[in-house]
Q: 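Quick one: this structure, given as structure tokens, is what I'll be asking you about.
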Protein chains: 2
Amino acid sequence: MFSKACEYGIRAAVYIALQSLDGRRVSVNEIAEEIDSPLAFTAKILQQLSKSKVIHSVKGPTGGFEIERTDMDHVKLSKIVHAIDGDEIFVGCGLGLKECNAQKPCPLHDKFVDIRNNLKNMLEQTSLYELATGLEVGLTYLRR
Amino acid sequence: MFSKACEYGIRAAVYIALQSLDGRRVSVNEIAEEIDSPLAFTAKILQQLSKSKVIHSVKGPTGGFEIERTDMDHVKLSKIVHAIDGDEIFVGCGLGLKECNAQKPCPLHDKFVDIRNNLKNMLEQTSLYELATGLEVGLTYLRR
DNA sequence: TTTAATTCGGATAAAATTGTCCTTTATTAT
DNA sequence: ATAATAAAGGACAATTTTATCCGAATTAAA
């Protein structure tokens, strides 16, 4: 569904949000450790998320990644997926046709649009804050 | 969502079904031409589909691929996706965790399960016959 | 002002996916 | 029987994705 990069990106963002709730800024090392992802690859993904303003980065000692409390509400998963995987999952044809729309649909078009709208709505409605609080309360997990 | 191989596989299977409705057996060459897919790669995918009994192949002159009328109803998209992409899309965690279930869920688990059940149901309910007849009537397209 | 901790950025490597080519095997028609 | 046609299968190549490594830039603390 999502690329590995995107999976790591979402997990990282949720972890950063969780720690930011406690006012803690976290390093790539800690993030990769806590979400069980490859360190250097995770660093690349965090750069992408930083450039696309999903997270905020601070260089130097005591630096790291953080997300401001107000941003946690505004940053939805759709923004992360878009930043890392692009819009193929939001607009592409399920059977890979270059052009596929209601006028000239592939055989799966209508059914696929339904599924995808569900996915799209879910991603657009789910904020980092919501996911981070689930973690905080101990209801969900980011590894294993 | 699906791999390229799977996209080609579904398109090929629908085309074979369509032609089989007319009693025509089709060659890889014709299939790749009609669904606009890379010839040799498509041949590989057809081998997979043949082995997993999604389609039937006949060697030699006048040979090619076909699907029997009764099979078109029984073969659902889920079978094709399973044969080519495996079961990751049906059972895997949305955030890539190795273990993720109701007991120890990832932050996205519940929402992801909903989406995936929609997808799963759609794939399990959609037969090749249904897709082929849409094509036959000229309502849908397999290329461009 | 130096040192050390941290992200950033570029180059490279490994693995997976996508794609091609060529030989073998089966089978039909001549 | 032989030739021709088509799928099957193996080896290989290209591309994309995943992943690593290292030096540069930034900045806080000593």
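Letters A, B, ... mirror the listed sequences (proteins, then strands); counts begin at 1.
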Q: Just how far, in rounded Å, is C1' of C:dC8 from NZ of A:Lys51?
A: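 Checked: the NZ to C1' distance equals 8 Å.
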Q: Would you kindly give the CD1-to-C1' distance between A:Ile55 and C:dT6, to the nearest whole Å?
A: 14 Å
Q: Distance under 6.0 Å and angle within 45° of the ring axis: does A:Lys120 meet both against A:Phe90?
A: no
Q: Counting only side-chain nitrogens and oxygens, does A:Lys44 get under 4.0 Å of the OP1 or OP2 atom of D:dT17?
A: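 So the side chain of A:Lys44 is outside the cut-off, no N or O lying under 4.0 Å from OP1 or OP2 of D:dT17.
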Q: Surrounding CD of A:Glu33 (heavy atoms of other residues, nucleotides or ligands, distance under 6.0 Å), is the total greater than 12?
A: no
Q: Among residues 78-91 of chain A, which contact DNA chain C at a heavy-atom distance under 4.0 Å?
A: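 Residues of residues 78-91 of chain A that come under 4.0 Å of DNA chain C do not exist, since none gets that close.
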Q: Can you sort out which residues in residues 6-20 of chain B have a heavy atom within less than 4.0 Å of DNA chain C? Ascending by number, please.
A: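 Residues of residues 6-20 of chain B under 4.0 Å from DNA chain C: B:Tyr8.
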Q: Could you give the NE2-to-P distance, from A:His56 to D:dT26, as a whole number of Å?
A: 15 Å
Q: Classify the ring geometry between B:Phe112 and A:Phe2 as parallel (under 30°), tilted (30 to 60°) or perpendicular (over 60°).
A: tilted
Q: When rounded to the nearest 0.5 angstrom, what distance separates CE in B:Met1 from CD in A:Glu88?
A: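 Between atom CE of B:Met1 and atom CD of A:Glu88 there are 10.5 Å.
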Q: Checking the side chain of A:Arg11 only, and the main-chain atoms of A:Ile35 only, is there a donor and an acceptor separated by less than 3.5 Å?
A: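 Side chain of A:Arg11 to backbone of A:Ile35, a donor-acceptor pair under 3.5 Å: yes, one is there.
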Q: To the nearest Å, give me how far apart CD1 (B:Ile45) and P (C:dT20) are.
A: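 Those two atoms, CD1 and P, are 11 Å apart.
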Q: Over how many whole Å does the gap from B:Leu46 atom CG to C:dT18 atom P extend?
A: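 So the two atoms are 15 Å apart, to the nearest Å.
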Q: Between A:Lys111 and B:Thr126, do the side chains contain a donor N or O and an acceptor N or O under 3.5 Å apart?
A: yes
Q: Could you walk me through whether A:Asp36 and B:Lys98 pass the salt bridge (charged side-chain N to carboxylate O under 4.0 Å, His left out) check?
A: CA-CA 11 Å; A:Asp36 191 27; B:Lys98 288 175 208 93; 3.7 Å; yes
Q: Using whole Å, report how far NZ of A:Lys4 lies from P of D:dA19.
A: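 Checked: the NZ to P distance equals 7 Å.
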Q: Regarding A:Arg69 and the six-membered ring of A:Tyr129, is the cationic atom NZ or CZ under 6.0 Å from the ring centre and inside 45° of its axis?
A: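 Flagged: A:Arg69 positioned over aromatic ring of A:Tyr129.
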Q: Within a radius of less than 6.0 Å around CD of A:Glu68, do more than 12 heavy atoms belonging to other residues, nucleotides or ligands occur?
A: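 No, the 6.0 Å shell around CD holds no more than 12 heavy atoms from other groups.
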Q: Under 3.5 Å, which N/O atoms of the protein pair with N/O atoms of nucleotides 5-7 of chain D?
A:
unit_1 : atom_1 : unit_2  : atom_2 : d
D:dT5  : O2     : B:Pro61 : N      : 3.3
D:dA6  : O4'    : B:Gly60 : O      : 3.3
D:dA7  : OP1    : B:Val28 : N      : 3.0
D:dA7  : O3'    : B:Ser57 : OG     : 3.3

Q: Expressed as a whole number of angstroms, how long is the span from A:Leu39:CG to C:dC8:P?
A: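 Roughly 13 Å, once rounded to whole Å.
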Q: Is it true that A:Glu30 and A:Arg25 have a side-chain N and a carboxylate O under 4.0 angstrom from each other?
A: no
Q: Is the side chain of A:Ser127 donor-acceptor paired with the backbone N or O of A:Glu130 at a distance under 3.5 Å, no angle test?
A: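 Such a contact is found between A:Ser127 side chain and A:Glu130 backbone.
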Q: Starting at atom CD of B:Gln48, determine the distance to atom C1' of C:dG19, rounded to an integer number of angstrom.
A: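 The answer, rounded to whole Å, is 14 Å.
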